[in-house]
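Contents: one structure, followed by commentary.
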Amino acid sequence: MCGICGIIGETKDKEKVLARMMKVMEHRGPDGGDTYASDGALLGFRRLSIIDLDTGMQPMVNEDGSMALVFNGEIYNYQTLRKVLKQKGHEFRNSSDSEVLLHGYEEYQKELLGKLRGMFGFAVWDDKKKSLFAARDYFGIKPFYYAVVENTLVFASEIKCILEYPGYQKKVNEEALEQYLSFQYSALPETFFKGIYKLLPGHYLTFENQELKVGRYFEPTLDPGAKESESAMIAETRKVMNQSVKRHLISDVEVGSFLSSGVDSSLIAALSKCNRTFTVGFAHEGDKYNEITYAKELSKKIGIENQCKYISREEFKEAIPKVMYHMDEPLADASAVALYFLAQEASKKVKVVLSGEGADEIFGGYNIYLEPKALGWSRWIPLKVREKLASVAERLPRHMKGRNYLIRAARPLSERYIGNAYIFTADERKRLLRRKKEGPKPNELLKKEYDKMRGLPDSDQMQALDLVYWLPGDILLKADKMSMAHSLEVRVPFLDKDVFEVARRIPHSLKTKKYTTKYVLRKVADEYLPEQVAKKKKLGFPIPIRNWFKEEDWYQQIKTAFTGETAAKYFHTKRLVRLLEEHRSGREDNSRKIWTVYAFLVWHQVFFEA
C-alpha cells in the first residue's frame with residue numbers, strides 16, 4: 001500500500017517537480033520512497049510496507065530493465081499467479097505482489113487485469129515502446145488521477161500531487177460543483193480541478209506518442225437469475241466470504257478490523273478472528289450516535305480486543321479542514337470526518353484493517369431498496385392521478401409525513417433515484433447557483449446507465465446504479481482518503497471479484513425477502529453473530545450535525561461562511577442563509593443541504609485561499 005506518481009514527457013526540472021509530488025503524499029507511504037528515471041518517463045513511489053517488508057520497494061523493474069512499475073494496492077491471488085508465471089519462465093527476485101504485477105503485465109499485457117483479485121491503481125512504463133499503461137481496480141477501491149498538460153501526462157494517487165506540477169493552472173470546475181450539489185460527491189470523470197481527471201473503476205489508459213487512450217475492462221452488472229435454492233445461495237455466499245476474508249488477511253504485519261453496530265463490519269470481524277477491533281462514537285449525543293457500547297459487547301463475545309474513541313463536537317469541527325485537504329475534492333458525507341478519527345485511532349496500533357464497505361451495494365443492503373415494494377400500490381393507479389396527488393403534496397410543508405412518498409410515487413425510477421443521496425434537485429441548485437452552468441440534470445447524466453438496466457426490477461436498478469456511482473464516488477473514496485491520511489491500509493473483503501460473482505446472481509426475491517435487506521448475507525451472519533446483530537436494520541454512520549447546526553457556535557461559524565466572499569462568488573447567499581435559518585428554527589431539516597454547501601466552502605478555502 002502506498003502512493004504513486006509519474007511524469008511522462010518532457011518537463012523542466014522534472015526531478016525537483018517529482019520530489020515535490022512525492023513529498024505531498026508522504027502520508028500514504030511513510031516507510032520510504034524511491035524514483036525511476038529514463039528518457040521520457042519519471043516515476044515516483046512512497047511506501048507503506050505491508051508485504052515483503054525487506055525487498056518490496058518500488059519503482060520495480062524487470063530483468064532487463066525494459067519495464068518499470070509503480071503500484072498502489074494489494075493483489076490477493078499473487079501467490080497463485082506467481083506459480084503460473086514461474087512455469088512460463090519468469091524469474092523473480094523477491095516475494096512481493098508488485099513483482100507479480102510486473103511480470104504478469106509482461107506476459108499478458110492488458111489481459112492481466114481479468115486475472116487479478118485485489119485493489120489496485122498501477123502504472124507500467126515500457127521503455128522500449130516509450131509507452132505507459134495504467135489501470136484502476138474493478139470497483140474503484142484505490143484512486144488514480146491524471147492530467148495532460150502541454151502534451152505531458154502527469155498522474156498520481158492524489159490530486160494534490162498533480163497540483164505541484166508547474167504547468168498546471170489551478171481552476172475550479174464549476175460543472176463538477178453543479179453535479180456535486182445533487183449527488184453530494186464529485187460525480188463526473190473530470191474532478192473539481194479543471195483538467196484533472198480520475199481514471200474510472202474498471203478502466204485502463206495508455207499514453208504513447210503524446211496520445212491518451214482510455215478503455216474499459218470490467219463493468220459490474222447484475223444478473224439476478226440464479227436457479228439455486230435459497231439454502232444453496234446462502235451456502236455459496238458463506239463459502240466465498242470465508243475465502244475472501246482469508247485472502248484479505250495475507251500480510252506481514254498485524255491486521256485489525258473496523259467495527260460498527262451493523263451486520264457488515266460485525267461479520268468481517270467474526271470471520272477474520274483478528275486480535276483488535278476499532279470503533280468511534282459521539283460523547284453526550286445519545287445512543288443513536290454511539291456504537292461503542294455495542295462494539296465492546298460484540299468484541300467480548302467473539303474474543304477480540306476493542307479500541308474505542310469518543311469524538312467531541314470541538315474535535316469534529318476542528319478536523320473539517322484537514323478532512324477536506326485529504327479528500328482532495330469536496331465530499332458532503334459528514335461520516336468522512338468520523339472515519340478520519342476512526343482511522344487515526346486504528347493507526348496507533350496496526351497498519352492494516354478490514355472494513356465492511358461494499359456489502360450494501362453488492363448484496364442489496366440499503367433501506368431505500370425497499371421503496372419499490374412500498375410503492376407497489378401505485379402501479380394500479382393511473383399516472384395522471386398520481387401526478388395530481390404529487391402536485392398537491394409539493395405544496396405541503398416539506399417536513400409533513402408522507403409528502404415525499406406521494407411525490408416519489410408519481411415519478412419513474414430514473415427521475416427520482418440518482419443514488420443514496422439526492423441533496424438539491426436540478427431546479428433547487430439552479431436557483432442557488434449564481435453562475436448558471438446548465439449542465440445535464442441528474443437524470444440526464446444517468447440516462448445511459450438506466451438504459452443498460454432495462455428489464456431489471458426497480459430495486460436491482462437502484463443497486464446497479466449505486467455500484468457504478470455511489471460506491472466509488474462516496475463510500476470507497478472516503479475510505480481510502482481518510483485511512484491513508486493516517487498511513488493506514490483499509491481492505492474490503494466484500495469487494496472481492498469472486499464474492500461479486502456470487503452476489504450478482506442472487507435472485508431479486510432473496511435480496512429483500514420479508515422486507516429484509518441483504519437477506520442472504522444476513523442468513524450467513526446468523527451463523528456467526530448474535531441474532532439481534534444479524535437482523536439489525538441498516539443505520540449508516542450517524543453524525544449529529546442536525547443537532548449541532550442549531551447551536552450558537554456552529555450557527556455563527558456557518559453563517560459567516562455563507563455570507564462570505566467565496567459564497568457570494570458561487571451562490572445566492574440570501575438563499576443559503578434562509579436554509580440555515582429554516583433549520584435553526586426547526587421548520588425544516590436542512591442539515592444535509594447546509595453541510596453540502598459548507599463542505600465545498602471549506603474545501604475551497606483549503607485549496608484556493610490558503
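Only this structure's heavy atoms are used, side chains among them; waters, hydrogens and symmetry mates stay out.
In this pair, F133 and F122 present their aromatic rings tilted. The plane angle is within the 30 to 60° band. Ring geometry for F120 versus Y217: interplanar angle under 30°, hence parallel rather than tilted (30 to 60°).
With rounding to the nearest 0.5 angstrom, the CD1 atom of I8 is 11.5 Å from the CG atom of L212. To the nearest 0.5 Å, atoms CG (L456) and CG (D223) are separated by 8.5 Å. The CG atom of L476 sits 4.0 Å away from the CG atom of L471 when rounded to the nearest 0.5 Å. The structure places CD1 of I4 at 6.0 Å from CG of N72, a figure rounded to the nearest 0.5 Å. How far CG of N77 is from CD1 of I75: 7.0 Å, rounded to the nearest 0.5 Å. The distance from atom CG of D460 to atom CG of L467, rounded to the nearest 0.5 Å, is 10.5 Å.
The ring-ring contact (aromatic ring centres under 6.0 Å, His included) analysis of residues 158-188, with sequence neighbours excluded, yields the pairs Y180-F192, F183-Y185. Sorted by first and then second residue, the side chain to side chain donor-acceptor pair (under 3.5 Å) pairs involving residues 143-153 (not counting sequence neighbours) are Y145-K481.
Classification of K452 and E449 as a salt-bridged pair holds, one side-chain N sitting under 4.0 Å from a carboxylate O. The pair K518-D264 meets the salt-bridge criterion, with a side-chain N (NZ, NE, NH1 or NH2) lying under 4.0 Å from an Asp/Glu carboxylate O. A salt bridge is absent between E428 and R431: the closest approach of a Lys/Arg side-chain nitrogen to an acidic carboxylate oxygen does not fall below 4.0 angstrom. Comment: D328 engages K160 in a salt bridge, judged by a side-chain N to carboxylate O separation of less than 4.0 angstrom. Ion pairing between E26 and K23 holds under the 4.0 Å rule for side-chain N and carboxylate O. Comment: E190 engages K194 in a salt bridge, judged by a side-chain N to carboxylate O separation of less than 4.0 angstrom.
The backbone N or O of G140 lies less than 3.5 Å from a partner atom in the side chain of R136, making a donor-acceptor pair. Under a 3.5 Å cut-off, the side chain of R46 and the backbone N or O of G29 do form a donor-acceptor pair. Panel note: side chain S487, backbone M484; no donor-acceptor pair is recorded below 3.5 Å. A donor-acceptor pair under 3.5 Å is absent between the side-chain atoms of E357 and the main chain of I475, judged by distance alone. Q605 places no side-chain N or O within donor-acceptor distance of the main-chain N or O of L601, the cut-off being under 3.5 Å. Between the side chain of S244 and the main chain of V240, no donor-acceptor pair closer than 3.5 Å is present. Side chain of Y78 to main chain of R117: no donor-acceptor pair is present (N/O by atom type, distance under 3.5 Å, no hydrogens or angles). No side-chain donor-acceptor contact under 3.5 Å links N209 to the backbone of E211. A donor-acceptor distance shorter than 3.5 angstrom exists from the side chain of K198 to the backbone of L188, with no hydrogens or angles considered. Using modelled atom types, no side-chain atom of N590 and backbone atom of K593 make a donor-acceptor pair closer than 3.5 Å.
Under the 4.5 Å side-chain criterion, counting only non-hydrogen atoms from C-beta, P440 is in contact with Q179. Side-chain contact between V492 and I141: present, with at least one pair of heavy atoms (C-beta onward) separated by less than 4.5 Å. A 4.5 Å side-chain heavy-atom check between Q463 and F363 finds every atom pair outside the cut-off. At least one side-chain heavy atom of R28 sits under 4.5 Å from a side-chain heavy atom of S157. Residues H508 and S459 form a side-chain contact, since some pair of their non-hydrogen atoms from C-beta on lies under 4.5 Å apart. Between W470 and L465, the closest side-chain pair of non-hydrogen atoms is not below 4.5 Å. Counting heavy atoms from C-beta on, the side chains of L354 and V490 never come closer than 4.5 Å. Looking at M22 and T35, their side chains come closer than 4.5 Å, going by heavy atoms from C-beta outward.
The six-membered or imidazole ring of F45 lies away from that of Y36, with a centre-to-centre distance of 6.0 Å or more. Between Y570 and H604, the ring centre distance stays below 6.0 Å. Aromatic rings from W603 and Y325 are positioned such that their centres are separated by 6.0 Å or more. Note: F608 and F193 meet the aromatic proximity criterion, with ring centroids under 6.0 Å apart. The distance between the ring centers of Y340 and H486 falls below 6.0 angstrom. Aromatic ring centres of F500 and F139: separated by under 6.0 Å.
Judged purely by distance below 3.5 Å, without hydrogens or angles, the side chains of Y469 and N420 never pair a donor atom with an acceptor atom. If you check the side chains of S265 and S260, you find a donor sitting under 3.5 Å from an acceptor. Neither side chain, T206 nor K110, offers a donor N or O lying under 3.5 Å from an acceptor on the other. H203 and E219 are not linked by any side-chain donor-acceptor pair at a separation below 3.5 angstrom, with hydrogens and angles left out of the test. For N443 and S414, the side-chain atoms include no donor-acceptor pair closer than 3.5 Å. Residues S335 and D333 have side chains that bring a donor and an acceptor to within less than 3.5 angstrom of each other. Side-chain contact of D474 with Q184: a donor-acceptor pair under 3.5 Å is present, judged by distance alone.
In this structure, D39 places its CG atom where only 12 or fewer heavy-atom neighbours from other residues, nucleotides or ligands lie under 6.0 Å away. The environment of K14 atom NZ is dense: over 12 non-hydrogen atoms of other residues, nucleotides or ligands sit within 6.0 angstrom. Around atom NZ of K170, more than 12 heavy atoms belonging to other residues, nucleotides or ligands sit under 6.0 Å away.
Between L102 and M60, the closest heavy-atom pair is CD2-O, 3.6 Å. Here the closest non-hydrogen pair linking G121 and K142 is N-CB, 4.0 Å. Among all heavy-atom pairs drawn from A567 and L576, the shortest one is CB-CD1, 4.1 Å. The shortest non-hydrogen separation linking E164 to V17 is O-CG1, 4.1 Å. Listed here is the closest heavy atom pair of A135 and L113: CB-CD2, 3.6 Å. For P493 against S355, the heavy-atom pair with the smallest separation is CD-O, 3.4 Å.
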* Asked: Stepwise, does the salt bridge (charged side-chain N to carboxylate O under 4.0 Å, His left out) test hold for D496 with R247?
  -> CA-CA 10 Å; D496 175 80; R247 285 188 175 92; 5.5 Å; no
* L432 and V597: CA distance, side-chain angles, deciding distance, side-chain contact (heavy atoms from CB on, under 4.5 Å) verdict -> CA-CA 10 Å; L432 190 66; V597 176; 4.3 Å; yes
* Please step through side-chain contact (heavy atoms from CB on, under 4.5 Å) for the pair F207 and S131, ending with a clear verdict. => CA-CA 6 Å; F207 189 71; S131 66; over 6 Å; no
* Would you sort out whether E208 and K130 count as a salt bridge (charged side-chain N to carboxylate O under 4.0 Å, His left out), showing the intermediate values? => CA-CA 7 Å; E208 186 174 1; K130 300 298 179 184; over 6 Å; no
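With a 6.0 Å cutoff to the six-membered ring centre and a 45° limit on the axis angle, K511 does not count as a cation-pi contact of Y369.
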